[in-house]
Amino acid sequence: MLSFLSSFAFLFAYWIQPRLVPPRSLLCWCIAYLSFAVGFAVLMLPAFDIEPPGMPLFGNLLIDVGAALNFVAIVLYLKRPRSELWVLLPAALLALIEAGYVLSHFENMRVMVGLGCAARGILTVAAALALWQCNDPSRRPVARLAAAIHGVWALMLLSRIAWWLFNPAAEVTFDPTTAFGLTTRLVLTCAITPCFLWMLARQLDAELLRYASRDTLTGLANRRVVWEQGQARLTQAARQHRAMALLIIDVDHFKKVNDGWGHAAGDAVLAAVARALAGAASDGDLVGRIGGEEFLVLPAHPGAALALAERLRAAVAGLQIAVEGGAVLRCTISVGHAETRDGSGAWQRLVNEADRALYAAKQGGRNRVVSVAITASQGADGGAAVAPA
């Protein structure tokens with residue numbers, strides 16, 4: 001029943017088609033748990049005095065199919081290399097040997113448990129390894145929990161094989177480990193399915209957070225994040241009486257790009273400039289888009305802010321941006337640099353001074369960096385000296 005409900009849950013997830021989740025992985029999970037459900041139901045038939053011939057083999061093969069599809073679903077969901085699917089071959093070979101032996105001889109539980117559990121064990125260990133290697137930070141803790149649970153399942157399968165190995169005189173027409181296997185799988189299903197659904201939820205939550213904090217066109221931090229980080233950094237700088245700097249960047253003659261080549265070309269220019277800025281920035285520098293063709297950078301090291309500004313300017317000046325129609329565009333940026341030497345002043349004032357420096361860079365011919373320094377002795381509305389960097 002739990003496997004059937006799990007199958008229904010994955011079917012519903014497949015039906016709503018969540019973004020970023022490969023739909024084939026959800027469909028594989030749905031069929032896998034449906035296969036588990038039918039396989040377990042078949043193995044439980046003798047408890048109701050229903051024992052049609054061949055049913056134990058059929059039930060075990062259905063569980064083998066479920067284990068295989070579970071592994072395929074994990075590979076698809078985590079976008080693992082398809083080469084990892086090679087483990088399906090030895091598992092399928094063991095299942096075929098099991099079926100061939102039973103059909104040609106009789107339902108020997110020693111053979112069926114040994115081969116069936118070995119096939120499922122291979123798939124289960126492979127699934128655990130794939131889950132343990134999950135690269136997504138938002139899903140990794142839950143994926144590793146699911147990997148540990150798969151490891152427990154593999155140990156359970158190994159213990160069933162071991163029981164038959166250490167009991168050579170046991171009657172081979174009856175498997176006393178079936179109840180143990182079904183009960184263990186029942187408990188593990190209660191844990192594994194919520195893990196998979198939890199991973200889906202965490203992935204979607206991370207995507208929502210990304211949309212809330214990232215500019216959709218460029219992938220950089222958006223204005224809200226930049227403002228929050230800027231205010232927090234300035235507060236910390238004031239508390240520690242140390243410097244804080246920021247850079248405001250504007251793409252030169254951007255209106256001409258939109259007017260002459262269209263908004264698609266304008267978007268391509270903004271995306272290329274964003275990549276260049278992010279690529280030229282150092283670890284700890286926060287690069288964000290604050291609107292239109294304007295970007296803001298919070299340098300991690302205020303003393304190196306001017307060098308960073310010049311590096312950003314040069315990176316953009318070297319771009320060659322291909323747009324529709326085969327044209328190649330070049331662009332430049334103007335940079336306004338503002339710095340408070342002791343963290344004094346308000347965030348908005350620091351932004352205003354950087355904006356004033358940016359205006360001076362525009363007036364001075366563009367494709368340049370202009371700097372302004374703010375000192376504690378200047379009044380709240382006092383002007384700071386503007387100078388080319």
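Just so it is clear, the model here is predicted, and its values are computed rather than measured. For the numbers below, each heavy atom of this structure counts, side chains included, while hydrogens, waters and symmetry mates do not.
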Using a 3.5 Å distance criterion without hydrogens, assess whether the side chain of [X] forms a donor-acceptor pair with backbone atoms of [Y].
X      : Y      : value
Arg289 : Asn222 : no
Arg202 : Ser138 : yes
Arg368 : Arg366 : yes
Arg140 : Cys134 : yes
Gln133 : Leu129 : yes
Ser35  : Leu62  : yes
Arg233 : Leu298 : yes
Arg330 : Ala317 : yes
Asp215 : Thr218 : yes
Arg139 : Gln203 : no

For a 4.5 angstrom cut-off between non-hydrogen side-chain atoms, does [X] reach [Y]?
X      : Y      : value
Pro22  : Lys79  : yes
Ile50  : Met44  : no
Leu131 : Ile74  : yes
Thr332 : Arg313 : no
Gln236 : Arg242 : yes
Ser6   : Phe196 : no
Phe295 : Val226 : no
Leu234 : Arg349 : no

Legend entry - Matching residue for Tyr33 among Phe10, Tyr14, Phe8, Phe4 - test: ring pair (Phe, Tyr, Trp, His ring centres under 6.0 Å):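 For Tyr33, the ring pair (Phe, Tyr, Trp, His ring centres under 6.0 Å) check succeeds only for Phe10.
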Greater than 12 external heavy atoms within 6.0 Å of [X]'s [atom1]:
X      : atom1 : result
Trp163 : CH2   : yes
Tyr359 : OH    : no
Trp347 : CH2   : yes
Phe166 : CZ    : no

If you take all heavy atoms of [X] and [Y], which pair is closest and at what distance?
X      : Y      : value
Met109 : Thr173 : CG-C, 4.0 Å
Arg110 : Ala170 : NH2-O, 3.6 Å
Ala360 : Val370 : CB-CG1, 4.0 Å
Ala128 : His150 : CB-CB, 3.8 Å
Val142 : Cys195 : CG1-O, 3.3 Å
Leu69  : Ala32  : CB-CB, 3.6 Å

Legend entry - Plane angle bin for His105 and Tyr101 - parallel if under 30°, tilted between 30 and 60°, otherwise perpendicular: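 Rings of Tyr101 and His105: parallel, as their planes differ by under 30°.
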Inset, instruction - Assess the pair Trp29 and Tyr77: is the distance between their ring centroids shorter than 6.0 Å? - result: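 Yes, ring centres under 6.0 Å apart.
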Inset, instruction - Please test Asn60 against Arg120 for side-chain contact (heavy atoms from CB on, under 4.5 Å), starting from the C-alpha separation and ending with a verdict. - result: CA-CA 10 Å; Asn60 277 295; Arg120 272 166 258 153; 3.0 Å; yes
Are [Y] and [X] connected in a single hydrophobic cluster, I mean Ile/Leu/Val/Met/Phe/Trp/Tyr linked by side-chain heavy atoms less than 4.5 Å apart?
X      : Y      : result
Leu43  : Trp153 : yes
Phe36  : Leu197 : yes
Val72  : Leu27  : no
Leu85  : Trp132 : no
Ile149 : Leu78  : yes

Nearest-0.5 Å distance that lies between atom [atom1] in [X] and atom [atom2] in [Y]:
X      : Y      : atom1 : atom2 : result
Ile31  : Leu26  : CD1   : CG    : 11.5 Å
Thr235 : Gln231 : OG1   : CD    : 7.5 Å
Arg224 : Arg214 : CZ    : CZ    : 11.0 Å
Leu270 : Arg275 : CG    : CZ    : 10.5 Å
Met156 : Thr124 : CE    : OG1   : 8.0 Å
Leu5   : Thr193 : CG    : OG1   : 9.5 Å

Legend entry - Step-by-step side-chain contact (heavy atoms from CB on, under 4.5 Å) determination, Ile333 to Leu277: CA-CA 11 Å; Ile333 57 173; Leu277 296 177; 4.2 Å; yes
Legend entry - Intermediate values then yes/no, side-chain contact (heavy atoms from CB on, under 4.5 Å), Leu296 and Leu286: CA-CA 8 Å; Leu296 190 148; Leu286 177 63; over 6 Å; no
Inset, instruction - Classify the side-chain pair Ser334/Asp252 by whether it contains a donor and acceptor separated by less than 3.5 Å. - result: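 Note: Ser334 and Asp252 side chains meet the donor-acceptor criterion.
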Inset, instruction - Would you sort out whether Leu57 and Leu103 count as a side-chain contact (heavy atoms from CB on, under 4.5 Å), showing the intermediate values? - result: CA-CA 9 Å; Leu57 174 62; Leu103 293 175; 4.2 Å; yes
